[in-house]
Structure formats: C-alpha cells, structure tokens
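Atoms considered below: every heavy atom in the structure, side chains included; atoms not considered: hydrogens, waters and symmetry mates. Letters A, B, ... are given to chains in the order of the sequence lines, protein chains preceding strands, and every chain is numbered from 1.
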2 protein chains.
Amino acid sequence: MGKKQVTFADIAEYTHFSKTTISRYFNHPDSLTLENQEKISRALDELGYKKNKLAKVLANGKSEFVGIIVPNLYLHYYSEMLTQLLATYANYHYKFLVFMSDKGAAEEENYIDELLAYQIEGLIVLSHTLSSEKLASYHIPIVAIERESMHISSVTSDNYMGALQATSLLIRDKCDILIHINVDVPKYVPAYDRIRAFEDTCTEHNIPYELSLNVSGDSYNDLFSQMKVIFNNIDEKYPDKKKGVFLANDTYANMFLNLVIQKYGCLPDSYEIVGFDNSPIANEAIIPITTIGQQIDVIARTAMDLLVKQMENRKQRKPEPDLAPTHKKIAPVLIRRETTS
Amino acid sequence: MGKKQVTFADIAEYTHFSKTTISRYFNHPDSLTLENQEKISRALDELGYKKNKLAKVLANGKSEFVGIIVPNLYLHYYSEMLTQLLATYANYHYKFLVFMSDKGAAEEENYIDELLAYQIEGLIVLSHTLSSEKLASYHIPIVAIERESMHISSVTSDNYMGALQATSLLIRDKCDILIHINVDVPKYVPAYDRIRAFEDTCTEHNIPYELSLNVSGDSYNDLFSQMKVIFNNIDEKYPDKKKGVFLANDTYANMFLNLVIQKYGCLPDSYEIVGFDNSPIANEAIIPITTIGQQIDVIARTAMDLLVKQMENRKQRKPEPDLAPTHKKIAPVLIRRETTS
DNA sequence: TTGTATGCGTTATCAG
DNA sequence: CTGATAACGCATACAA
C-alpha cells in the first residue's frame, strides 16, 4: 500500500479538467465531447485508475448490495437457489452478501444488522428462524423464498400443484393404496400444501391412503433407520396391494427405493415411488426416480424481480409508503423417470 | 427514505459531545468515562442509530470484505467449501462477496474488477479459468483452493496421500487387478497426484493395474453412458479376477456401483470400489461407498488463516513487500464403508 | 478525557 | 459543455 489509489483528483490534475468532469465521464459521458472523452480515457489507463464504488455509494446512497440469508448449502435446493440468485448478476448487477444461518434468531438478527450497516438495498430470506412480522419491521425491501411470509413478499413453489401431480400420477397408475411420507410440517409453512394436496386428491378419487408424518432426525443415518421401520410396516401391512409411495423429497425417496431393492433385488410392480425436488440424487439413484421438479431458476428470477421492484420504488422521489406484500407461486413440473410405470 | 439516517452528528448534538467522541465510543470506548459511555449509549437507541460501515471503510480503508470466486455450487465439494468459508465469519468477521464463474476468463476478470472496486481486502479463488500468474499480478492478498497455484498461496487436499490410501486398501484386500477411472487430468492440477499415487503404489507393490482416463462429458447421463462402456470392458476383460476399482470421485463410484448391481443384483466379492470426496452420494448409494474424505472444514480454515495473515501484513506500517507464496496440503481420511471388505 | 480540523473518493447542486 | 463547492458518514492527527 505504498502508493495510494489513483483518484478523480489525480485524473483531473493530469487532464486539466475538474473532478466533476471526470465523474461525468463515467455517469453522463454524452455530456462530454468525444475528444475530451478520449483524453480522459487515455489518462485513466495511463495512471492505472481503479474505481472505488464505496466512495460512490457514500455519495449517492445506492450500494447495489443485496443480502441473502440461507439456512445451509447442504440441501441441493438451497445451493441451486443460491446459484440461480447469483446468476441474476448478469441482469441486474446487484452484488450479493451471503450469510448462512441456522443457529437461531439472535445470530440472524446480528447478520441482518451487519447487512444493514453495509447499506444493503434489499434482502432475500430463505431461512426460517425469524418470523415475517419481525422481518417486515425492518422496513426494507425484502423477499422470502419458500417460507412463512404473512407480512412480506414471497415466492414459493406451488406445492399444492406439485403434490397433486404426484398423487394423480400414482392414481392413474392404478395404485391400490397411496402413502405419503413426510415430516410433520407446520401448517403455516408453504410445504404443508404437499400434505393437503395429497389428502384432497386421494379423497376426491376415493383412494385409500395413509399419512406417515413421523419422520425426523438430524443425520442421514438417523433418517435411514426410521425409513427402514416405515418401509417394513408398509411392506407387511399391504402385502398384495399395489403401493404408491409419495415422499417429501428425493433423499427420502432414494432411501425408500434402496430399501425396496435391498429386499427384492429390484423394484417390483407392486411399488411406485415419487419424490420431490428433482435433486441430483433422484437421477443418480440405482433406478432413476420420478419426481416433482421445482423450477428453481424461475423462482430465483421471480424473487429478484419482486425485490428489484421494491428497491426501485425506494429510489423514487415519491416512494409508495410500503406496498402490500406480493406472493407468487411457481408451478413445478412432473419429471417421469423409472420408478413409475 | 423520508428521514435520512441518524449520524454521529445527530448523536453529538443530542448528547452535547463532539462527533469525535461518538466515534471514540465505538473504537476506543475505554477512553470515555463510564458515565459518558452510558449517556451516549442511551442516545444511540433513543435516536435509533444504525452503523454505516461503508463510511467507516472510506475513512479508514479497511473494508472487511473478502471476495470468493467459485466455479459452481452443483458439486458438493464447492458448496461445502463455501459453507465452511462463510462459517469463518464467526472467527474473523470478514464479510464475503461471492461470485460464480465458469464462463471464461473475461467474465472472471470483470468480477475481480468489481470486487476490487468494492475494496476487498483479499480474494479466495476456487475457479480454474485464470492462471495463477494472472492472479498474482493483481497484487492483493489471495489464496487458491485446490487449483493451479504456482505464483500464489494455496491450500489443497493431499491428493497423493488420499489416492495412496485408497490404492493400498485395495491391495491389502487382495485385489488381483487395480483400475483407476478418471478424467484426463492435466499434470499441473493438484488432482493429478491421484493418478500419480495410484500408479506409484501399484508399481511399488507389483500389482497389475490399468488406467482409464477417458471419462468426459457435460451431463450426468453422458457420463453414465461412458461409464457403462468402461464397466462392460472391465467386466469382460477380467472375468475371474478380483477387481479393485478406484474412481476419481463419488459420483463416478456410484455410477459404477449401480452398474455392477444392475448386472449382478448385488456387489459380488470380485469387486471392490473406492470413491473420492465423501460426497453425500457415497453414503446414500444403494450400498454405502468406501471413499476418501477431504477435510473441507480444515481446508477452508487453513485458507482463511493464510489469507488473514496476508491481509494483516498489508495493514502494517512496514508491510513485507510480497511474501513468497505458501502452499499447504491437508491430509484426507479414508472412510471405510461397505464397498470394500 | 475531549474537541478541532482535515481527509477518504465520489456525487450533487448550482453557476457559468 | 464545464467548474467550484458542498455534501455523504466516519476516522484520525494534532491540540487542548
């Protein structure tokens, strides 16, 4: 750091213009003669100028920062979502400050404070630890993805539609009994719609069904042990029925499939399996698993659209005080592979 | 945005101190009487003060930003590495600006420029598109993870050690023929050591071996088709030998395992399989796969250590001009599961 | 222990 | 089309 950075002052001195003119070269180049643009342009790389956006932010108040709070990147859903959010840089040029949080509300509030200190213009929340009421109280542009969002704008998969497609497929394939395996999702979480749609659809078609909502556990191996119990139950309980099993995600579906195969050496006709998420595991399983694919790219783009609108409204002379939250649902798509007929 | 932010000036006026004293409250609180600290503290939340770190950065030059450039988050290795890097926030309080880049050098240089414009203090590079020579030419604190790094500091897995463990295990298990399946890794990439170690170890123990380095392809399904050909070759070529197969990563290992099982209905004694990475897929496969686990958390922490040292050196009165690059290797661990005896 | 003056690099306002 | 000057919010000599 022997030599300080080159600044507008240096360029100004070098070119015999004022700092203002140098600034204009970047922000309103049309207001300079081509000749002078050329001069400045040359000076810029003769002196090796590098922008300082922080100074710019301080002066004009637009940080172009967006905060992201994500619970983890272990689940494919989150890492893919982050990927797609980062990819929107190409369109909007917002920079992303990323925090991971699943250690509770206090930590998350700290992160938000930190983000605010860096003058973020907006926030995208994927984590579940703070209520939307709390989040709304920050009064900044904010979009929730796939989480409770009573008081803030949100984008979620159309979970109802997804589960309906899965269930309908199993019914069309003439399963005698339908089983849905899931954790005990709270009713206010978007994913609860998967359970609702499953029940509704079974009821409507008069198909016997069973809900198995007692999955829980911290590690894969925990979950797998539980799944083994669940599988054995089902396998014994409905020996000569055709069983249509719809699982909450592809990891569960893969476990279930592996258990079937470990027992039968193949996937017998008496089983059909549908997962959810279109995670890599669904495709990489011993038999590629039929699943419901969330359109993560669409969700990410929609979320940024919503956020950008809020952020631009902020920059108006006359910003609408606080627009009512907008909620968007993105339809998922059925991806048929080999665990259904 | 009706009311502007609360600033030191407001607090100063409110408390009848000077702005300097308010500043000191944050940076050298000990230099104030407890009484005055209290006064200011009260004023702070009575006025609802929020820090502006960007102004602070502009004034003192320390942005506390670190840039990260990662090729993708699709591979577990990268998403886990990002997770672990973000987790170092707890220790160092550096904020991370994350870019994803795999669309070539031009894009990546743009990202770096953008990062520099935000006054990042250091950069962590996981992508492969820019040479370490180019990267070194930016003259900023920088650490490469698991990539070519001739001219910059780096942290990588000890690939040689990892492959040696895998190969040795297969030899101990009395395989007759060892096969290593990989892409055609360039010699200057750290992962090339996996091939070297495999060959060295086989040679040293006088075990027949075969290299299959023609894997390539963009999609899982592409790769899977190729793997099928490779598997069939091997299966036909060594019908009554015990085959020890060491694959470059767990995705490949899982493919191979699935092919074996699809053919034999189980994993016969004539096959042993070892993967690399300890990705989730290794544990979630139809038979849990023995693999070499990279200590991603250690790698991430080591990388940040290295980077922090460089960054702190920068902040000295008398910074050592440019320290020679440091290279660290982190030993991976063998994770025995069920695809080896 | 506290205050004054100045600087960080850019943009905005108002003149010309 | 171009300039002077004052912000932006905070930190840091230097004084007191």
query = Counting heavy atoms not belonging to E13(B), are there more than 12 under 6.0 Å from its CD?
reply = no
query = Looking at DNA chain C, which of residues 38-62 of chain A put a heavy atom within less than 4.0 Å of it?
reply = Y49(A), N52(A), A55(A), K56(A), A59(A), N60(A)
query = Between dG3(D) and S18(A), is there an OP1 or OP2 to side-chain N/O distance shorter than 4.0 Å?
reply = yes
request  = Report yes if a side-chain nitrogen or oxygen of S23(A) is closer than 4.0 Å to either non-bridging phosphate oxygen (OP1 or OP2) of dT11(C); otherwise report no.
outcome  = yes
Nucleotide [N], atom [atom2] - distance to [atom1] of [X] in whole Å:
{"X": "I22(B)", "N": "dT12(D)", "atom1": "CD1", "atom2": "P", "answer": "16 Å"}
{"X": "F17(A)", "N": "dC1(D)", "atom1": "CZ", "atom2": "C1'", "answer": "10 Å"}
{"X": "F8(A)", "N": "dA12(C)", "atom1": "CZ", "atom2": "C1'", "answer": "13 Å"}
{"X": "Y25(B)", "N": "dT12(D)", "atom1": "OH", "atom2": "C1'", "answer": "20 Å"}
{"X": "E13(B)", "N": "dG9(D)", "atom1": "CD", "atom2": "C1'", "answer": "15 Å"}
{"X": "H16(A)", "N": "dA4(D)", "atom1": "NE2", "atom2": "P", "answer": "13 Å"}
{"X": "N27(A)", "N": "dG9(C)", "atom1": "CG", "atom2": "C1'", "answer": "13 Å"}
{"X": "Q119(B)", "N": "dG9(C)", "atom1": "CD", "atom2": "P", "answer": "8 Å"}

ask   = Is there a donor-acceptor pair under 3.5 Å between the side chain of T83(A) and the backbone N or O of S79(A)?
value = yes
ask   = Quick one: are the ring centres of Y14(A) and Y49(A) less than 6.0 Å apart?
value = no
query = When the ring centroid of Y89(A) is compared with that of Y111(B), is the distance short of 6.0 Å?
reply = yes
task = Flag the pair E114(A) and K95(B) as a salt bridge only when some basic side-chain nitrogen lies within less than 4.0 angstrom of an acidic carboxylate oxygen.
result = yes
ask   = Taking the inter-plane angle between the rings of F65(A) and Y118(B) on a 0 to 90° scale, is it parallel (under 30°), tilted (30 to 60°) or perpendicular (over 60°)?
value = tilted
ask   = For residues S154(B) and S149(B), is any side-chain donor paired with an opposing acceptor at under 3.5 Å?
value = yes
request  = Tell me which of T21(B) and T20(A) sits closer to the 5' end of DNA chain C, going by the nucleotide each one is nearest to.
outcome  = T21(B)
